[in-house]
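Below is one structure, written out as structure tokens; comments come after it.
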Amino acid sequence: MTVPVRTRFAPSPTGYMHIGGMRTALFCWLWARHNAGTFILRIDDTDQQRHVEEALEPIFRAFRWLGLNWDEGPDIGGPFGPYYQSQRSHLYKDAVEKLLAAGFAYRDFDTPEQIAADRQAAEAAKQNYVTIRRSLELSPQQQADLTGQGKPSVVRLLVPRDKKVAVDDAVRGHVEWDCALMPDPVLMRSDGSFLYNFATVVDDAQMQITHIIRAEEHLTNTAVQALLHDALGNPRPVFAHIPFITAPGSNKKLSKRDLQKLKNSPALKKMFDRADEILPQLGWGDSSTLNPVMVEYYERLGYLPAGILNALSRLGWSLDDKTEHLSLDTVIQNFTLDRIVKAPAGFDPEKLQSYQAYWMNQLPLEEKIAGCDKYLQRRQEVAVTNTPIDRQYLGRLITMLGERLRVFSDILDYPEFFLPAGAALTYDEKAFQQRLVTATEAPGLLKKVAELITVAEPFDAPTLDKTVHDFVVAEGIKIGQIVHALRIAVTGKAVGAGLFETLALLGRETCVERINATLARCG
RNA sequence: GGCCCCAUCGUCUAGAGGCCUAGGACAUCGGAUUUUCAGUCCGAGUACAGGGGUUCGAAUCCCCUUGGGGUCACCA
């Protein structure tokens with residue numbers, strides 16, 4: 001009979017969800033789901049921030065957006081609550097008492113200054129620092145007296161210096177540490193509050209967590225935590241330290257703090273730039289408020305959860321030697337700890353784009369329409385305009401755009417399809433010059449072809465295609481001499497979807513009107 | 001610096017002694033298709049950090065070196 005799997009993710013209320021943290025959370029969630037187990041959200045708020053609720057919102061939001069549900073957590077409760085560490089002090093207190101009573105921990109009356117001096121002395125002597133444990137020489141009576149006098153003290157774990165701690169990590173294998181080299185960690189501060197490293201152990205045990213899946217930077221903490229579990233008489237959970245994610249073009253941990261450096265990476269630069277182009281149109285800030293380190297960046301820009309999930313799953317994990325496109329269900333079915341890679345994985349925005357493109361392509365048209373519509377509506381709200389958007393028209397546009405549309409907000413790149421009647425186009429000036437000014441014959445040709453377009457019947461892509469090609473033959477010109485001018489005339493742009501489909505979608509009236517406006521502009 | 005972890009194409013990865021003259025994907029570069037761009041199709045280049053072992057045989061096991069990283073708080 002195996003114990004049901006229980007995993008947890010314990011974020012701090014920081015006000016945003018880090019993409020790397022999301023990956024860790026995903027792995028925890030995946031392992032729980034793979035084993036039909038339980039996934040728990042626990043809030044590490046021992047810092048006692050004032051606006052925990054507010055700072056938590058983006059985190060919940062990220063989980064909900066990606067569809068990673070939790071079975072127990074701060075908002076829904078559960079049998080092992082509360083799920084805020086700040087509300088669990090009584091448990092930590094009990095545990096400290098227990099450790100003290102059993103002689104596994106002791107009160108240390110040394111001041112922080114004293115400890116710092118010890119540390120410096122050891123360093124100066126080029127010796128490994130371990131706690132001096134002066135307070136251990138105090139008799140129980142002396143200790144009581146000191147406490148009575150109001151002398152502050154902390155509680156430290158009495159590290160068994162004659163031992164080694166060994167952990168069989170599910171991804172790293174056997175790892176061991178020599179206790180003789182470890183300082184005694186503080187469990188409880190002099191003000192009676194508790195340290196993360198201790199609270200975590202108490203919580204993990206009380207919540208009956210079976211697998212601790214977390215980022216590699218916690219590996220060193222594991223020695224103390226394992227010791228603590230032993231001292232508390234807890235069965236040890238399985239530890240699985242997954243590699244962290246590194247910033248593009250770097251081998252350092254991807255962190256929000258190095259944001260300025262991140263901007264120097266060309267791949268990320270693009271993402272920052274994109275944020276500055278799109279977000280302001282939607283009233284959602286810009287790259288200074290949302291950046292690619294944050295999950296919310298992707299949500300706001302209209303990435304698909306499937307794309308993000310696929311990319312995150314493949315960062316440090318793989319199904320086999322060729323499968324790249326994985327649905328969440330497929331990953332759940334196949335996710336095992338032993339297939340987690342040990343080496344750190346670099347976050348690659350380009351690859352994320354490609355996953356995103358794949359999943360966008362898989363999406364049924366109806367869903368693409370709904371997704372894009374949301375962005376168009378939002379932009380109108382922000383701009384305080386209200387031009388009704390026909391869903392069928394939008395559907396035709398989306399189909400025509402094909403894979404040019406990678407994320408929903410990409411639809412905002414095509415405002416020329418949503419202009420109110422008579423509104424002026426924004427021209428790509430360079431292209432305009434090249435195709436309609438430098439090419440001196442262009443306006444004349446454009447004028448002639450406009451006459452044909454005016455009477456083309458029916459006004460659809462095949463007919464227009466034929467009309468223009470016949471025109472080219474009749475005039476004895478090359479197709480390139482008219483097609484570019486025509487595109488700029490009706491869209492203002494040098495590139496875009498198929499020209500004849502574009503004309504057809506825009507409709508006769510708009511095309512003629514825009515060609516005339518362009519001609520007028522040529523002078 | 002101590003301790004710990006890690007090491008296959010530029011990047012994500014496959015590889016658990018012979019299936020590897022190292023496979024896939026992204027990116028890059030060609031070519032084809034096309035009115036442009038995106039895409040699509042075809043093709044190319046690019047990797048086992050180095051050195052010692054073990055073995056008939058090593059990307060795979062062991063050791064050393066080198067390199068990178070993490071962590072060393074009364075932070076989380």
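Residue numbering restarts at 1 for every chain, and letters A, B, ... go by the order of the sequence lines.
- Counting any heavy atom pair closer than 4.0 Å across all strands shown, A:Glu176 reaches sugar-phosphate atoms only and no base atom.
- Which of B:U36, B:A76, B:C74 sits closest to the side chain of A:Val186 comes down to B:C74.
- Rounded to a whole Å, the CZ atom of A:Phe471 is 14 Å from the C1' atom of B:U35.
- Residue A:Trp317 contributes atom CH2, which lies 17 Å from atom P of B:C12 at whole-angstrom precision.
- Nucleotide B:G57 is matched to nothing when pairs are restricted to Watson-Crick or G-U wobble geometry with both distances under 3.5 angstrom.
- Applying the 3.5 Å distance criterion, the base of B:C12 shares a donor-acceptor pair with the side chain of A:Lys351.
- Here, B:G31 and B:G68 have their P atoms 40 Å apart, quoted to the whole Å.
- Ring pair A:Tyr298/A:Phe347 is perpendicular by interplanar angle, where above 60° counts as perpendicular and below 30° as parallel.
- Counting non-hydrogen atoms under 4.0 angstrom, A:Val468 reaches nothing in the nucleic acid.
- The residue A:Arg214 sits apart from the nucleic acid: no heavy atom pair falls under 4.0 Å.
- Across all strands shown, B:A25 is found opposite B:U11 as a Watson-Crick or G-U wobble partner, with both distances under 3.5 Å.
- Donor-acceptor pairing under 3.5 Å, judged by distance alone, is absent between the side chain of A:Arg314 and the base of B:U13.
- Here B:A27 is the nucleotide among B:C12, B:A27, B:U11 with the atom lying nearest to any side-chain atom of A:Glu350.
- Rounded to a whole Å, the CG atom of A:Asp184 is 16 Å from the P atom of B:C72.
- In this pair, A:Phe9 and A:Phe63 present their aromatic rings tilted. The plane angle is within the 30 to 60° band.
- The NZ-P distance, from A:Lys478 to B:U36, rounds to 13 Å in whole Å.
- The aromatic rings of A:Phe239 and A:His241 lie parallel to each other, their planes meeting at an angle below 30°, with 60° marking the opposite boundary.
- Using a 4.5 Å cut-off on side-chain heavy atoms (C-beta onward), A:Asp338 and A:Val171 make no contact.
- In this entry the distance linking NZ of A:Lys252 with C1' of B:C5 reads 16 Å, nearest Å.
- When the side-chain nitrogen and oxygen atoms of A:Thr220 are compared with OP1 and OP2 of B:C72, none of them lie within a distance under 4.0 Å.
- If you take atom P in B:A14 and the same atom in B:G70, they sit 22 Å apart, rounded to whole Å.
- Straight-line distance between the P atoms of B:G57 and B:G18: roughly 14 Å, to the nearest whole Å.
- Listed pair A:Arg435 / B:U35 fails the phosphate criterion, with no side-chain N or O lying under 4.0 Å from OP1 or OP2.
- A:Leu499 comes within contact range of at least one nucleobase, with a heavy-atom separation under 4.0 Å.
- When the C1' atom is used for both B:U60 and B:A47, the distance is 15 Å, rounded to whole Å.
- Counting atom types as modelled, A:Ser190 pairs a side-chain N or O with a base atom of B:C74 as donor and acceptor under 3.5 Å.
- Put simply, the side chain of A:Asp230 does not reach to within 4.5 Å of the side chain of A:Lys163, judged on heavy atoms.
- In this structure, B:G2 forms a base pair with B:U71, meeting either the Watson-Crick or the G-U wobble geometry with both donor-acceptor distances under 3.5 Å.
- Between A:Lys253 atom NZ and B:C5 atom C1' there is a gap of 14 Å when expressed in whole angstrom units.
- Ranked by how close their nearest RNA chain B nucleotide is to the 5' end, A:His174 and A:Glu501 are led by A:His174.
- Comparing B:C74, B:U36, B:C5 by their closest approach to the side chain of A:Val175 singles out B:C5.
- At a threshold of 4.0 angstrom between heavy atoms, the contacts of A:Val154 include nucleobase atoms, whether or not backbone atoms are also involved.
- Contact between the side-chain N/O atoms of A:Asn251 and the OP1/OP2 oxygens of B:G69 is found at a separation under 4.0 Å.
- A side chain to side chain contact (heavy atoms under 4.5 Å, CB included) with A:Met360 is found for exactly one of A:Arg406, A:Lys368, A:Glu403, namely A:Lys368.
- Side-chain atoms of A:Phe500 lie closest to B:U35 of the nucleotides B:U35, B:A14, B:C5.
- For A:Glu324 and B:A14, the CD to P distance is 11 Å, given to the nearest whole Å.
- Side-chain rings of A:Trp317 and A:Phe335 approach one another, their centers coming within less than 6.0 Å.
- Within the 4.0 angstrom heavy-atom criterion, only backbone atoms of the sugar-phosphate kind lie near A:Gly346; the bases stay farther away.
- The partner of B:C48 is absent, by the rule that a Watson-Crick or G-U pair needs both atom distances under 3.5 Å.
- Between A:His218 and A:Gly173, the residue anchored nearer the 5' end of RNA chain B, judged by the nucleotide with its closest heavy atom, is A:Gly173.
- Here A:Leu486 lies out of heavy-atom contact (under 4.0 Å) with every strand.
- For A:Tyr303 and A:Phe408, the distance between ring centers is not under 6.0 angstrom.
- With distances taken from any side-chain atom of A:Lys342 to the nucleotides B:U13, B:C6, B:C26, the minimum falls on B:C6.
- B:C19 and B:C37 are spaced 44 Å apart, taking the C1' atom of each and rounding to whole Å.
- A 4.5 Å side-chain heavy-atom check between A:Asp203 and A:Arg42 finds at least one atom pair inside the cut-off.
- Residue contacts shown for A:Asp191 are absent, as no nucleic acid heavy atom lies under 4.0 Å away.
- Residue A:Leu219 places its side chain closer to B:C5 than to any other of B:U35, B:C3, B:C5.
- For the C1' atoms, the distance linking B:A22 with B:A58 amounts to 13 Å, nearest Å.
- At least one side-chain heavy atom of A:Arg172 sits less than 4.5 Å from a side-chain heavy atom of A:Pro243.
- Look at the C1' atom in both B:U46 and B:A27: the space between them is 12 Å, to the nearest Å.
- Side-chain nitrogen and oxygen atoms of A:Arg189 include none within less than 4.0 Å of the OP1 or OP2 phosphate oxygen of B:A73.
- In this structure, the nucleotide among B:C12, B:U36, B:U35 sitting nearest to the side chain of A:Val483 is B:U35.
- In this structure, the nucleotide among B:C5, B:A14, B:G2 sitting nearest to the side chain of A:Arg339 is B:A14.
- Annotation: B:C9 and B:C3 have their P atoms spaced 29 Å apart (nearest Å).
- Heavy atoms of A:Phe244 sit under 4.0 angstrom from primed sugar atoms or phosphate atoms, though from no base atom.
- Nucleotide B:C41: paired with B:G31 (Watson-Crick or G-U wobble, both distances less than 3.5 Å).
- Contact annotation for A:Ala311: no contact, since no heavy-atom pair falls under 4.0 Å across all strands.
- Comparing B:U35, B:C5, B:U71 by their closest approach to the side chain of A:His484 singles out B:U35.
- Nearest to the side chain of A:Ala343, among B:C74, B:A14, B:A7, sits B:A7.
- Spacing between atom CD of A:Glu216 and atom P of B:A76 amounts to 21 Å, rounded to whole angstrom units.
- If you check every strand for non-hydrogen atoms under 4.0 Å, A:Gly249 touches nothing.
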